[in-house]
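What follows is a set of notes on a single structure, which appears directly below.
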Amino acid sequence: SSSLDQEGEEAVLPLLQPLLQMELSLHSIEVVHALSEEVPLQTDFLRLYTAHCLTSCEKMADKGMQVRCFSYLLYMYLPYVCMVLPIILL
């Protein structure tokens with residue numbers, strides 16, 4: 001996979017916006033992770049997606065699913081969780 005130029009990166013972000021609004025599931029986390037391995041995704045998008053996931057995990061009523069989502073998210077996106085978590089905790 002080749003890296004996108006600046007103009008190409010700016011064009012991709014609007015296409016990824018629906019991923020920031022869809023309901024969170026283990027499958028959706030897996031899909032975004034697989035996509036990120038095929039196409040270089042913008043760091044800004046990955047930070048926003050990670051923040052969306054963390055917030056969605058927090059709101060889950062099913063505590064078992066909440067733990068699975070947090071665990072999966074940490075496994076897939078640990079560097080971004082570390083970047084986003086201090087901001088969410090404020």
Side-chain angles (χ1 to χ4, degrees):
S1 51
S2 62
S3 65
L4 298 170
D5 61 11
Q6 183 68 26
E7 188 175 299
E9 285 184 12
E10 289 172 7
V12 171
L13 192 55
L15 297 174
L16 298 173
Q17 285 296 323
L19 296 173
L20 299 173
Q21 297 159 353
M22 66 189 283
E23 187 174 332
L24 183 69
S25 68
L26 295 178
H27 182 70
S28 66
I29 294 170
E30 196 172 274
V31 166
V32 173
H33 179 69
L35 179 63
S36 72
E37 291 189 341
E38 294 296 320
V39 179
L41 298 176
Q42 300 144 302
T43 302
D44 286 345
F45 167 75
L46 290 171
R47 273 190 235 140
L48 288 169
Y49 183 74
T50 304
H52 164 70
C53 290
L54 288 170
T55 303
S56 295
C57 284
E58 264 186 335
K59 295 177 183 176
M60 288 182 171
D62 180 341
K63 296 303 176 190
M65 182 57 111
Q66 185 182 53
V67 169
R68 282 189 297 252
C69 276
F70 272 127
S71 299
Y72 209 61
L73 188 61
L74 287 172
Y75 173 73
M76 297 284 194
Y77 299 104
L78 183 60
Y80 299 101
V81 170
C82 292
M83 281 186 237
V84 169
L85 200 52
I87 295 166
I88 291 175
L89 294 175
L90 291 177

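Start at 1 with the first residue, then count along the sequence. Basis for what follows: all heavy atoms, side chains included, without hydrogens, waters or symmetry-related copies.
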Nearest 0.5 Å, please: how far is [atom2] in [Y] from [atom1] in [X]?
X     : Y     : atom1 : atom2 : value
Met22 : Gln17 : CE    : CD    : 13.5 Å
Met65 : Tyr72 : CE    : OH    : 11.5 Å
Arg68 : Met60 : CZ    : CE    : 9.0 Å

Run Val32 and Met76 through side chain to side chain contact (heavy atoms under 4.5 Å, CB included) and show every step you take. CA-CA 10 Å; Val32 173; Met76 297 284 194; over 6 Å; no

Is it the case that one hydrophobic cluster holds both [X] and [Y], taking links as side-chain heavy atoms less than 4.5 Å apart, direct or via other members?
X     : Y     : answer
Val67 : Leu26 : no
Val39 : Val31 : no
Leu35 : Leu46 : yes

Atom of [X], atom of [Y] and distance for their closest heavy-atom approach:
X     : Y     : value
Cys69 : Ile29 : O-CD1, 4.2 Å
Leu20 : Leu48 : CD2-C, 3.7 Å
Leu73 : Thr50 : CD2-O, 4.2 Å
Glu58 : Phe70 : N-CZ, 3.9 Å

Ring geometry between Tyr49 and Phe45 (parallel below 30°, tilted from 30 to 60°, perpendicular above 60°): parallel

Please examine the side chains of Arg47 and Thr43, heavy atoms only from C-beta on, and report whether any two atoms are closer than 4.5 Å. yes

Quick check: does any side chain N or O of Thr55 sit under 3.5 Å from a backbone N or O of His52, one acting as donor and the other as acceptor? no

Tell me, please, which residues at least two apart from Asp62 pass salt bridge (Lys or Arg N to Asp or Glu O under 4.0 Å). none

Residues passing the side-chain hydrogen bond (donor to acceptor under 3.5 Å, both in side chains) test with Gln66, sequence neighbours excluded, are none

